[in-house]
Number of protein chains: 2
Amino acid sequence: MDEETLQTALDTAEALCAQRGVRFTAQRRRVLELVCRAERPVGAYEILPQLHTGATAAPPTVYRALDFLLEQGLVHKLETLHAFIGCTHPEHPHASQFLICADCGRVKELENEAIAGSLRSAAQETGFHPKRPVIEVLGTCAQCTHKAESV
Amino acid sequence: MDEETLQTALDTAEALCAQRGVRFTAQRRRVLELVCRAERPVGAYEILPQLHTGATAAPPTVYRALDFLLEQGLVHKLETLHAFIGCTHPEHPHASQFLICADCGRVKELENEAIAGSLRSAAQETGFHPKRPVIEVLGTCAQCTHKAESV
DNA sequence: CGCACAACTGTTATAATGTTTCGAAAATGC
DNA sequence: GCATTTTCGAAACATTATAACAGTTGTGCG
Ligand SMILES: [Zn+2]
Ligand SMILES: [Zn+2]
Ligand SMILES: [Zn+2]
Ligand SMILES: [Zn+2]
């Protein structure tokens, strides 16, 4: 995420939190910034040493901030990677899908209604009530596929 | 899984391994049995103490068996639960979806072509080549929904 | 303001999950 | 039998996540 996009994301986050009456503290802002700055999903323990200037912070510090950001839909957790990624459209709650490149590590967030819909109807057939869908596809992105073929 | 289904599952597993020229050792059989006997997904560390009669086995013992069973498609791993479940139709390789009840813990394995298809086409649009889709839906099963409503 | 309360943060310890490594044992193929 | 490959045992270690408790900061109200 480039510097401009980052600023927009942070401003959006701040506005959303104000609107919702929750506190977007300096620490939460900092964690969101670190997650967004990364090109790839980042683990909690990667963020940790970047929080304190001197000594490194303790795990609960970053997990608490991440929990908050997850609740507010500002970041997503990738269960298959045990890592976090900034949300590209946090304005509204959504069930998204992630395409994870095993080669370069980059992740694309989709918001595909066909997938969400087919999942909903399949669940409905069995009487199941979905709460939180986790859809993560590991594979190879277009760029990396192209590179591999041209070798 | 009842005793009869379990026996069928173990026999199927044995036949599949023979057919594929891989070894279905006593230990692997035992781990598969323990996974299948459970009503719910089981963690690796739950299986561990049931492996040795006297002292409890070391983690790599069960992880090696589980890795084998995963490779052969005899069990699945639920990423959101860090737990394993026996496959209900291991004869052919498949990309399945899991409905996980947060209430009773039971899991239903689906093999829904509409979901798989919509995911494939969404990926294709972005030039992404899927390798391993992970689709797990947390929610409430029909039974538990019914119970909750009748209270 | 000054106090009461709630929310947030720091710190230590611990739990849960998963891997590396090295060596012994067992099965396989000749 | 004997070399080769595969599997298994065991110890140590790595990574991810949570529990518990004390301190600090911010907020609202009189
Ligand atoms: Zn999102
Ligand atoms: Zn890539
Ligand atoms: Zn299956
Ligand atoms: Zn249920």
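Residue numbers begin at 1 in each chain, while the letters A, B, ... track the order of the sequences.
Heavy-atom contacts from other residues, nucleotides or ligands closer than 6.0 Å to NE2 of A:H89 number more than 12. Atom CD of B:Q7 is surrounded by more than 12 heavy atoms from other residues, nucleotides or ligands within 6.0 Å. Heavy atoms from other residues, nucleotides or ligands lying under 6.0 Å from CD of A:Q143 number 12 at most. Residue B:H94 places its NE2 atom among more than 12 non-hydrogen atoms of other residues, nucleotides or ligands, all under 6.0 Å distant. The number of heavy atoms from other shown groups lying within 6.0 Å of CD (B:E4) does not exceed 12.
Along DNA chain C, the nucleotide nearest B:P59 and the nucleotide nearest A:T56 are compared for position; the residue whose nucleotide lies closer to the 5' end is A:T56. Between A:A44 and B:A57, the residue anchored nearer the 5' end of DNA chain D, judged by the nucleotide with its closest heavy atom, is B:A57.
Non-hydrogen atoms lying under 4.0 Å from DNA chain C are contributed by B:K77, B:H82, all within residues 67-86 of chain B. Within residues 17-26 of chain B, the residues having any heavy atom under 4.0 Å from DNA chain D are, by residue number, B:R23, B:T25.
Linking Ile, Leu, Val, Met, Phe, Trp and Tyr residues whenever their side-chain heavy atoms come within less than 4.5 Å places B:L10 and B:L70 in a single cluster.
Side-chain atoms of A:R28 come within 3.5 Å of backbone atoms of A:R23 as a donor-acceptor pair (strictly under, hydrogens ignored).
In the helix from C:dC1-D:dG30 to C:dC30-D:dG1, the end axes, each obtained as the rotation axis mapping the C1' atoms of four pairs onto the next four within a five-pair block, lie 30° apart to the nearest 10 degrees.
The ring pair (Phe, Tyr, Trp, His ring centres under 6.0 Å) test applied to A:F24 returns no partner, not counting sequence neighbours. In this structure, B:A15 has no side chain to side chain contact (heavy atoms under 4.5 Å, CB included) partners at least two apart in sequence or on a different chain.
For the pair B:Q27 CD and C:dA26 P, the computed distance is 13 Å after rounding to whole Å. When rounded to the nearest whole Å, the span between CZ of A:R28 and P of C:dA7 equals 11 Å. The nearest whole Å value for the distance from the CG atom in A:L66 to the P atom in C:dC8 is 15 Å. Atom CZ of A:R30 and atom P of C:dT9 are 14 Å apart (whole Å).
The pair B:R120-B:E113 counts as a salt bridge, with a side-chain nitrogen and a carboxylate oxygen less than 4.0 angstrom apart. Looking at B:R37 and B:E33, a side-chain N of the basic residue comes within less than 4.0 Å of a carboxylate O on the acidic one, giving a salt bridge. Contact check on A:R40 versus A:E46 returns no salt bridge, with no Lys/Arg side-chain nitrogen under 4.0 Å from an Asp/Glu carboxylate oxygen.
Across all strands shown, A:T61 has heavy atoms under 4.0 Å from base atoms, whether or not it also approaches the sugar-phosphate.
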- Evaluate the criterion salt bridge (Lys or Arg N to Asp or Glu O under 4.0 Å) for residue pair A:E71 and A:R20; output intermediate values, then yes/no. CA-CA 12 Å; A:E71 272 168 28; A:R20 294 171 186 168; over 6 Å; no
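Per the stacking criterion (ring centres < 5.5 Å, plane angle < 30°), B:Y45 stacks onto the base of C:dT17.
Phosphate contact (OP1/OP2 of C:dT9, side-chain N/O of A:R64, threshold under 4.0 Å): absent.
Taking a heavy-atom distance under 4.0 Å as the criterion, the stretch of DNA chain D touched by chain B extends 5' to 3' from D:dT6 to D:dA11.
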